[in-house]
4 protein chains.
Amino acid sequence: MLKKLTEEKLSELLETGIAEFAEKGLDGANVNTIAKKAGISVGVLYKYYENKEEFFHACLRKSLDILKSVLNEVTQSNDKLLVRAERMIRAVQDYSKEYGVYIKMYNRIASENGRKYVSMYAAEIESMTARVYTEFIERAIKDGDIRNDINPRLFAFFFDNLLTMLQFSYCCDYYTERARVYCKEDFDNDEMIVSELLKFIESAFTFSRSEIVHRDQM
Amino acid sequence: MLKKLTEEKLSELLETGIAEFAEKGLDGANVNTIAKKAGISVGVLYKYYENKEEFFHACLRKSLDILKSVLNEVTQSNDKLLVRAERMIRAVQDYSKEYGVYIKMYNRIASENGRKYVSMYAAEIESMTARVYTEFIERAIKDGDIRNDINPRLFAFFFDNLLTMLQFSYCCDYYTERARVYCKEDFDNDEMIVSELLKFIESAFTFSRSEIVHRDQM
Amino acid sequence: MLKKLTEEKLSELLETGIAEFAEKGLDGANVNTIAKKAGISVGVLYKYYENKEEFFHACLRKSLDILKSVLNEVTQSNDKLLVRAERMIRAVQDYSKEYGVYIKMYNRIASENGRKYVSMYAAEIESMTARVYTEFIERAIKDGDIRNDINPRLFAFFFDNLLTMLQFSYCCDYYTERARVYCKEDFDNDEMIVSELLKFIESAFTFSRSEIVHRDQM
Amino acid sequence: MLKKLTEEKLSELLETGIAEFAEKGLDGANVNTIAKKAGISVGVLYKYYENKEEFFHACLRKSLDILKSVLNEVTQSNDKLLVRAERMIRAVQDYSKEYGVYIKMYNRIASENGRKYVSMYAAEIESMTARVYTEFIERAIKDGDIRNDINPRLFAFFFDNLLTMLQFSYCCDYYTERARVYCKEDFDNDEMIVSELLKFIESAFTFSRSEIVHRDQM
DNA sequence: TATGAATGAGAATTCATTCAT
DNA sequence: AATGAATGAATTCTCATTCAT
């Protein structure tokens, strides 16, 4: 073809790489195939990226950057916790279709073991949400919006766990099937997912053990 | 006698395979290396398994079977929901050390995409817990132990999501690092994890929106 | 073929490698071609040798070992210097046909630049002859066999230079052509080469400058 | 003006090529790297040279031409043989530093085997010195300056062999190490090399076998 | 005319799979 | 039946060469 590699061609290469790596993983994907699908020669790929692994990391990084920017947008708000929670759940539902591959990539790296870079990615990616969520919970406690007998960091952790699994459920084959096993046709009912998950979360954040105890029964 | 030896050998082969596949994945692991580590020849491996993928599935199956039997043991109980929840959380903590590789394998298959067998595994593995959890929640509702304004299947789903993420956090590199980013040193405090997670779950299951509304304001 | 790689097959592989490397050099030779010519698969080659360079070194080493053993045989003697010199010249003539490739390999490594291992080979290979020649000259001086106004090490060096060039002249394309340019048809007259080279050497070793001076004229 | 620039550029390209080929050989050197180092595009390189090999030959030719002109300068003289020999030895010492790369290139081609052009180069390069040396020796014999029982062509050959090896010893890694193994620290003593080599040569040329025989006994 | 990005054939290396022993 | 050496297709990566700009 011998046409100057435009910005968009390069972007297409990354997208193709992401699609392949998301499906087959670092080892399973084939560099030549990716190049061919992207409409370029292997040569260019290797002009831009030292080797397969570096290219994989570029794909990963792009995926994570996109996810991060989406996340950033969504977490930006001064609303109360439950309002934010609802916004985030809906964001997960909305973006999961469009950004599915990026979430698959995120899922890929999250299932890698024994690679040095794994913990680096974790530290980088999770730090932002961990901080945002934790601070928000701390402020809500101070404001008396939610109960004060909880460990903010751990509750932030549980909250993110629920969102993460929801993401995976919408994007990754296994988790989608799993969600369907649990939720049946309700999994396709976005509104129900939102309302039930909110229900789950809001009580968790709102009631203290003492209240539970003195009313009790379970 | 000879058969016994073979069975042992075969079991060792599977364990070795699990260890390798858990670390490197289907494509990253090396069949010859596995055979050597297991102390057998590749020849026997191929006598028992058609090809690499089939052997991988055998490893996967064994992993999942073990996890299933552990799970089965733990979910067997007539206790009330929170008692069971606590037992399960503690089970996750206890078994995560011993059965780490199996959970890694579970995580592997869960991050696979575009493979027909993925949804089959999901259906098989998740069905049991989905049914058990859902039934239990339904009974708890009927017994008036927990609130009655929830969708049992979805709540079972959320509950399992929390447990699944806890498992991964204890066993898989990325999730461990992620948990540490969120929980800091508290992640090493098993009791705190138990109590906070229980706190999170129990309110979720115990209080109804109406109660929240009439008391409140979040 | 799937036939156990015998000692001789391995030896054949080395010989094939030597032949290829002698002709085309480390970079120019093709591992797949060598394997095919040797009648084995690339796989075995890589079972025995880490990579192309290591295989090249194995070929080099074999070549040098053979040359060394031949040299060792020839330098073993208690004869006087000129007798030994003659024996060596004749050895060069005799063995050059049979061991031509090994000498080509020697010539290859001798023309390599900027590789760490080059000086290691030089030190290893040349040390033996350097010591033998030098000691022999020292002893000849002490015995009064040859003149005593010379630096034994340097004369050993010059002597070996003449023999080395003679070797190359018999075995390496360029040097053969060069020898023919100088010597014309006399290059094919082995006896003449022997007698003239001996003539050249014997005077060099026998007469002192003082003798030259007092007779003088040049 | 523009042509001037091009000629300079072209010369620089050749010099860069020589440096690279001298270090890495025809197969080891990289055309793109050479062009980049020379500050031109590969395009021009291929405008001037059909392909890599042709460019290599251009580099080789330039190297040999320079060596030839140097040699020509040095061999031009009416002095007696030993005076000329001394001049040549000193020339080798002086020029080896400055013209090291060209000698390395000479060494490269001299170690090539199985290529048709090799013998052409040999014929061309060696003819001049062979003729000059031989004629000079013949004249010296006729003039009674040196002994008359020698084959002029062979003696010219031996003489050139010594000079050639001296050149290599000063310029090529392997031969330098080899020279050091033989000569130890004396190899850095230029004057000693000159005087000892002259000693070696002068006797070789001056004394006849009959003289050796009737005085002697080695 | 000069450039150097792009090409893609070719070379090194790996490893799933076979099968002679 | 078990072994594991041998196979060679497949994959990664390089670099001589081309040609649109």
Side-chain angles (χ1 to χ4, degrees), chain A residues 1-6 9-10 26-36 39-55, chain B residues 2-3 5-6 9 26-36 39-56, chain C residues 1-6 9-10 26-36 39-56, chain D residues 2 5-6 9 26-36 39-56:
Chain A
M1 206 135 288
L2 218 56
K3 191 110 166 292
K4 189 145 176 178
L5 204 73
T6 53
K9 215 76 185 95
L10 207 50
L26 169 53
D27 293 306
N30 179 320
V31 178
N32 289 281
T33 303
I34 293 172
K36 194 167 289 170
I40 60 156
S41 68
V42 241
V44 245
L45 196 156
Y46 279 92
K47 171 141 270 169
Y48 286 92
Y49 305 100
E50 194 82 23
N51 51 39
K52 192 189 188 184
E53 189 163 339
E54 216 193 62
F55 174 56
Chain B
L2 199 73
K3 198 169 175 261
L5 186 80
T6 298
K9 267 295 170 208
L26 169 53
D27 295 302
N30 180 324
V31 178
N32 289 278
T33 303
I34 292 172
K36 191 167 292 167
I40 61 148
S41 68
V42 245
V44 261
L45 195 157
Y46 275 89
K47 175 124 277 165
Y48 285 93
Y49 305 100
E50 192 79 22
N51 53 37
K52 191 190 189 183
E53 191 162 338
E54 213 190 69
F55 173 55
F56 174 70
Chain C
M1 207 133 285
L2 217 55
K3 191 109 167 293
K4 191 142 175 177
L5 204 73
T6 50
K9 214 78 185 92
L10 207 52
L26 170 54
D27 293 305
N30 179 322
V31 178
N32 290 279
T33 303
I34 292 171
K36 195 166 290 168
I40 60 155
S41 69
V42 240
V44 245
L45 196 156
Y46 278 91
K47 171 139 271 168
Y48 286 93
Y49 306 99
E50 193 81 23
N51 51 39
K52 191 188 188 184
E53 189 163 339
E54 215 193 62
F55 174 55
F56 173 70
Chain D
L2 200 72
L5 186 78
T6 297
K9 268 294 171 210
L26 169 53
D27 294 302
N30 180 323
V31 178
N32 290 278
T33 303
I34 292 172
K36 190 167 291 165
I40 62 150
S41 67
V42 242
V44 261
L45 194 156
Y46 276 89
K47 176 123 276 166
Y48 285 92
Y49 306 99
E50 192 77 25
N51 52 38
K52 192 189 189 184
E53 191 163 338
E54 213 189 67
F55 174 56
F56 174 70

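Every value quoted in this text rests on a predicted model; they were computed, and no experiment measured them. Lettering of chains follows the sequences in order, A, B, ..., and the numbering in each one begins at 1. Computed from heavy atoms alone, side chains included, the values below leave out hydrogens, waters and symmetry copies.
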* To do: Figure out the NZ/P separation between B:Lys9 and F:dA1, and round it to whole Å.
  => 19 Å
* Structure fact -> Correct closest heavy-atom pair for B:Gly28 and A:Asp27 would be CA-OD2, 3.5 Å
* Closest heavy-atom pair and its distance - B:Lys9, B:Ile40 -> CD-CG2, 3.6 Å
* **Spacing between B:Tyr49 atom OH and F:dA2 atom C1', to the nearest angstrom** => 16 Å
* Structure fact -> Comparing nearest nucleotides in DNA chain E, the 5'-proximal residue of the pair B:Glu50, D:Val44 is D:Val44
* Side chain proximity check, A:Asn51 to A:Glu54, heavy atoms < 4.5 angstrom -> yes
* Point-to-point distance, once rounded to the nearest 0.5 Å, from CG of A:Asn30 to NZ of A:Lys36 -> 8.5 Å
* Asked: What is the distance, rounded to the nearest whole Å, between atom CG of B:Leu45 and atom P of F:dA1?
  -> 16 Å
* To do: Looking only at side-chain atoms of B:Val42, point me to the closest of F:dA16, F:dT18, F:dA5.
  => F:dA5
* Under 3.5 Å on both distances, the Watson-Crick or G-U partner of F:dA1 -> none
* To do: Kindly point out which of E:dC15, F:dA6, F:dT17 is positioned nearest to the side chain of D:Asn51?
  => F:dT17
* Rounded distance in Å - OH (C:Tyr46) to P (F:dT7) -> 15 Å
* Residue whose nearest DNA chain F nucleotide is more 5′ - B:Gly39 or A:Leu26 -> B:Gly39
* Asked: Which part of the nucleic acid, if any, lies within reach of D:Lys36 when heavy atoms closer than 4.0 Å are counted: base, sugar-phosphate only, or nothing?
  -> nothing
* Asked: Just how far, in rounded Å, is C1' of F:dT14 from CG of C:Asp27?
  -> 12 Å
* Asked: For E:dT14, does OP1 or OP2 lie under 4.0 Å from any side-chain N or O of B:Asn30?
  -> no
* **Close side-chain approach of C:Val31 and C:Phe55, heavy atoms under 4.5 Å** => no
* To do: Between C:Gly43 and A:Gly43, name the one whose nearest nucleotide on DNA chain F is closer to the 5' end.
  => C:Gly43
* Looking across every strand, which nucleic acid part, if any, lies under 4.0 Å from B:Ala29 by heavy atom: base, sugar-phosphate, or nothing? -> sugar-phosphate
* Which residue lies more 5' along DNA chain E, comparing B:Val31 with C:Thr33 via nearest heavy atoms -> C:Thr33
* Asked: Could you give the NZ-to-P distance, from C:Lys47 to F:dA6, as a whole number of Å?
  -> 7 Å
* To do: Using atom CD1 of C:Ile34 as one end and atom P of E:dA11 as the other, report the distance to the nearest whole Å.
  => 12 Å
* Structure fact -> Taking a pair to mean Watson-Crick or G-U wobble geometry with both distances below 3.5 Å, F:dT17 pairs with E:dA6
* Asked: Within the pair D:Ser41 and E:dG4, is there a side-chain N or O less than 4.0 Å away from OP1 or OP2?
  -> no
* Asked: Between F:dT7 atom C1' and C:Asn32 atom CG, what is the distance in whole Å?
  -> 13 Å
